[in-house]
Amino acid sequence: MAWNTDRTKALLLTAATEEFSDKGLAGARVDRIAAAAGVNKERIYQYFGKKDELFDAVLAAELVRVMSEVPIEGHGAASIGEYAGRLFDRHTKDGALARLLFWEGLERGRNTVDRATRADHCAAKVDQMLTVLPGIDRTDAADLVLTIVTLCDGWTVLPQIDALLAGSAPDRLDRRRAFIVRTATLVADDLLEEARLEKAPLEGARLERARLEDSRS
């Protein structure tokens, strides 16, 4: 019977996602991943290479999946708040990506390996932000995406801090979600206003030039 390569890779990625998100890169074990997937561990080396390369494949796949599942859509500041709420909901249901990113930051710092695929998708995310908030600076758009991601990821990876600061009231999840939505909306609105004010003098100058040209004709 022919070996189903795609199915085997999918099984290994699923098992590796759970192992790495739970134990990090250093703490994860290839033999545990193979056992959880029901696959000989030699298949890991065959398909993905070393353990750190498997980690890169897992993180890239999770990043692409979450970014595709939670797009930035609509128009205006309210749409950014709505995006932040949807991303928070996504991480609340499945926090694997948040944990993977925090493990990577702790164990690697800025020395990520698989940059190409992830960089392309991150750039596309900033492009989505610029489409929803036309006129804002690209660096501001990138910072806003990062701020929202950080706020949403924090709920998953810093539960002890949340409990210490805010307690464990029954409505805690809803309150945290609402605060993140409010923060994202206010920042987006502020950036749009800043872009409008920067554009106003240029638009005024253009109108004045047009008026002078009309008066001379």
Side-chain angles (χ1 to χ4, degrees), residues 2-72 83-129 142-162 180:
W3 189 267
N4 190 330
T5 301
D6 290 340
R7 179 176 180 276
T8 302
K9 286 182 177 180
L11 289 171
L12 286 171
L13 282 173
T14 298
T17 298
E18 183 173 350
E19 177 78 3
F20 284 128
S21 66
D22 185 43
K23 298 178 174 63
L25 176 57
R29 295 290 177 266
V30 170
D31 53 351
R32 282 200 297 260
I33 294 171
V39 176
N40 189 300
K41 71 178 182 180
E42 294 304 318
R43 296 285 179 182
I44 294 177
Y45 303 118
Q46 178 184 351
Y47 297 146
F48 300 102
K50 296 179 294 184
K51 184 174 74 168
D52 60 341
E53 293 171 320
L54 176 59
F55 181 85
D56 292 330
V58 165
L59 190 41
E62 277 297 297
L63 188 71
V64 171
R65 184 162 69 95
V66 173
M67 284 189 167
S68 299
E69 289 178 1
V70 192
I72 306 175
Y83 160 69
R86 285 187 287 112
L87 186 62
F88 181 80
D89 294 339
R90 176 63 176 70
H91 284 333
T92 299
K93 293 175 183 176
D94 179 1
L97 177 60
R99 291 192 295 271
L100 287 167
L101 288 171
F102 270 75
W103 278 118
E104 181 185 48
L106 288 170
E107 297 183 289
R108 285 180 168 175
R110 291 180 174 269
N111 299 318
T112 56
V113 178
D114 181 22
R115 287 186 177 271
T117 299
R118 293 164 60 184
D120 288 345
H121 279 77
C122 286
K125 210 68 178 177
V126 176
D127 289 340
Q128 290 178 6
M129 182 67 75
D143 276 326
L144 181 51
V145 173
L146 178 60
T147 296
I148 293 170
V149 168
T150 303
L151 288 171
C152 293
D153 285 0
W155 172 268
T156 300
V157 299
L158 299 173
Q160 75 283 18
I161 299 300
D162 183 79
I180 290 174

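When reading the values below, keep in mind they use all heavy atoms of this one structure, side chains included, and skip hydrogens, waters and symmetry mates. Just so it is clear, the structure is predicted and the values come from calculations on it, not from any experiment.
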Heavy-atom closest pair, residues Leu12 and Ala34: CD2-CA, 4.4 Å
All side chain to side chain donor-acceptor pair (under 3.5 Å) counterparts of Arg86, not counting sequence neighbours: Glu82
Glu107 side chain to Ala26 backbone, donor-acceptor under 3.5 Å: yes
Closest non-hydrogen atom pair between Met67 and Cys122, with its separation: CE-SG, 3.7 Å
pair Val58-Phe48: side-chain heavy atoms closer than 4.5 Å: no
Side-chain touch Ile33/Leu54, heavy atoms, less than 4.5 angstrom: yes
Residues which pass side chain to side chain contact (heavy atoms under 4.5 Å, CB included) with Leu146, listed by chain and number, not counting sequence neighbours: Thr150
Shortest non-hydrogen separation from Leu151 to Ile180 and the atoms involved: O-CD1, 3.6 Å
Atom of Thr156, atom of His91 and distance for their closest heavy-atom approach: OG1-O, 3.5 Å
Any donor-acceptor pair under 3.5 Å from Lys51 side chain to Ala28 backbone: yes
Validation row: Leu59, Trp103 side chains within 4.5 angstrom (heavy atoms): no
Beyond-backbone contact of Val66 with Leu87, side-chain heavy atoms, under 4.5 angstrom: yes
Pairwise side-chain contact, Arg108 with Asp52, heavy-atom cut-off 4.5 Å (strictly under): yes
Sequence neighbours excluded, every pair satisfying side chain to side chain donor-acceptor pair (under 3.5 Å) that has a member inside residues 9-28: Glu19-Arg32
Heavy-atom side-chain contact between Glu104 and Leu25 under 4.5 Å: no
Ring pair (Phe, Tyr, Trp, His ring centres under 6.0 Å) involving Phe55 - partner list, sequence neighbours excluded: Phe20
Asp94: partners by salt bridge (charged side-chain N to carboxylate O under 4.0 Å, His left out), with sequence neighbours left out: Arg65, Arg90
For Trp155, all residues meeting ring pair (Phe, Tyr, Trp, His ring centres under 6.0 Å), sequence neighbours excluded: Phe88
